[in-house]
2 protein chains.
Amino acid sequence: MADIDYIKENRLQDTGFAYTLRLIGGKYKMQALYAIHLNHQPLRYNALKRLLVPISFKTLTSTLRELEADGLVHREEYPQIPPKVEYSLTPLGESLIPVMEDICNWGESQMAAVKRDR
Amino acid sequence: MADIDYIKENRLQDTGFAYTLRLIGGKYKMQALYAIHLNHQPLRYNALKRLLVPISFKTLTSTLRELEADGLVHREEYPQIPPKVEYSLTPLGESLIPVMEDICNWGESQMAAVKRDR
DNA sequence: CATGACACTCTCCTTTGGGTTAGTACCGCA
DNA sequence: TGCGGTACTAACCCAAAGGAGAGTGTCATG
């Protein structure tokens with residue numbers, strides 16, 4: 001009954017669910033994090049854009065700005081010409097990788113199952 | 001380098017990420033699944049609606065229809081008056097619970113950390 | 001001499017998710 | 001007799017997310 005009270009009290013929307021999804025819920029949020037992770041070293045803006053085709057400038061920029069504001073990504077700007085900006089994962093960002101991998105794995109196995117059943 | 005090729009080949013959008021998020025990405029998708037799970041028995045439409053306040057009829061209906069179409073939820077209709085419809089998790093839906101709990105836990109601990117640091 | 005790379009910004013446009021309101025058909029209960 | 005509960009559907013609306021395309025300033029390369 002404690003479980004149900006928990007729902008009835010209507011806290012469901014205020015749990016970690018909503019919190020986590022606010023951070024990684026965007027169309028390319030997880031892809032961006034994962035791409036940086038897999039690269040094993042900082043990634044430049046245009047490199048990231050090429051990896052996340054067909055993302056647009058606008059979306060990539062806002063995606064990165066939000067990830068930075070949420071402390072998942074670190075932005076390092078080199079004031080030179082031509083400009084150079086590198087993005088890397090913060091420890092917090094890294095801590096999300098296992099969670100994202102679970103999501104990914106579930107989807108992979110499910111896709112495989114669907115394919116098998118046809 | 002295999003990792004990077006994986007990205008470069010541009011398969012990132014076609015991985016389990018996108019697949020899983022298509023299934024549970026809606027505003028109330030995970031909440032609905034979790035509510036049914038916690039109830040330990042089938043939930044009726046209006047009961048679910050009360051738990052997911054402030055969800056609207058339209059959104060709850062489309063949410064449930066999509067979950068059903070994706071095989072995560074089972075819909076059982078009792079042709080009586082007044083009508084009665086019960087929703088329960090399929091085994092596939094149940095298999096998502098641990099993944100969702102990981103997402104939830106990460107968010108909870110992160111919220112706690114943010115609170116602590118102020 | 002001109003093109004392209006760099007890391008963007010700006011403006012406008014479309015799509016999508018979700019919200020609002022109203023209505024349906026029937027019944028039990030006060 | 002009329003109100004509330006049951007599980008919806010239909011029509012319309014709104015805001016936010018994302019996409020398209022052009023522009024910026026400087027430099028290296030062909």
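Worth knowing before you read on, the calculation uses all heavy atoms, side chains too, and leaves out hydrogens, waters and symmetry mates. Chain letters run A, B, ... following the sequence lines, proteins first, then strands; residues in each count from 1.
B:Tyr28 has its OH atom 16 Å from the C1' atom of C:dT16, to the nearest Å. Atom C1' of nucleotide C:dG17 and atom CG of A:Leu21 are separated by 15 Å, given to the nearest angstrom. For the pair B:Phe57 CZ and C:dG17 C1', the computed distance is 18 Å after rounding to whole Å. In this structure, the CD1 atom of A:Ile81 is 12 Å from the P atom of D:dG25, given to the nearest Å. Atom CG in A:Leu52 sits about 15 Å away from atom C1' in D:dG19, given to the nearest Å. Between the CG atom of B:Asn46 and the C1' atom of D:dG4 there is a distance of 11 Å, given to the nearest Å. Protein atom CD1 of A:Ile55 is 7 Å distant from nucleotide atom P of D:dG19, rounded to whole Å. Distance CG (B:Leu64) to P (C:dG18): 13 Å, rounded to an integer number of Å.
Across all strands, A:Tyr87 comes closer than 4.0 Å only to sugar-phosphate atoms, never to a base (heavy-atom distances). Here A:Lys84 lies in heavy-atom contact (under 4.0 Å) with sugar-phosphate atoms only.
The phosphate of D:dA7 (OP1 or OP2) has no side-chain N or O of B:Arg65 nearer than 4.0 angstrom. Under 4.0 angstrom from either OP1 or OP2 of C:dG19 there lies at least one side-chain N or O belonging to B:Thr59. Dashed line: the shortest gap from a side-chain N or O of A:Arg50 to OP1 or OP2 of C:dC6 is under 4.0 Å.
Of all nucleotides listed (C:dC8, D:dT9, C:dT11), C:dT11 comes nearest to the side chain of A:Lys58. The side chain of B:Arg44 approaches D:dT6 more closely than any other nucleotide in the set D:dT6, D:dG19, C:dT20. Side-chain proximity of A:Thr61 to C:dA7, D:dT6, C:dT9: nearest is C:dT9.
Between B:Thr63 and A:Val85, the residue anchored closer to the 5' end of DNA chain C is A:Val85, taking for each the nucleotide with the nearest heavy atom. For B:Arg75 and B:Pro82, each mapped to the nucleotide of DNA chain D holding its nearest heavy atom, the one lying further toward the 5' end belongs to B:Pro82.
Checked by distance alone, B:Lys27 brings no side-chain donor or acceptor within 3.5 Å of a matching partner on the base of C:dG18.
Under a 4.0 Å N-O distance rule, the pair A:Lys29/A:Glu66 qualifies as a salt bridge.
No donor-acceptor pair under 3.5 Å is formed between the side chain of B:Thr90 and the backbone N or O of B:His74.
Put simply, the side chain of A:Asn46 reaches to within 4.5 Å of the side chain of A:Arg50, judged on heavy atoms. Contact annotation: the side chain of A:Glu86 never approaches that of A:Leu43 to less than 4.5 Å [non-hydrogen atoms, C-beta and beyond].
Aromatic ring pairs are classed by plane angle as parallel below 30°, tilted from 30° to 60° and perpendicular above 60°; the pair A:Tyr19 and B:Trp106 is tilted.
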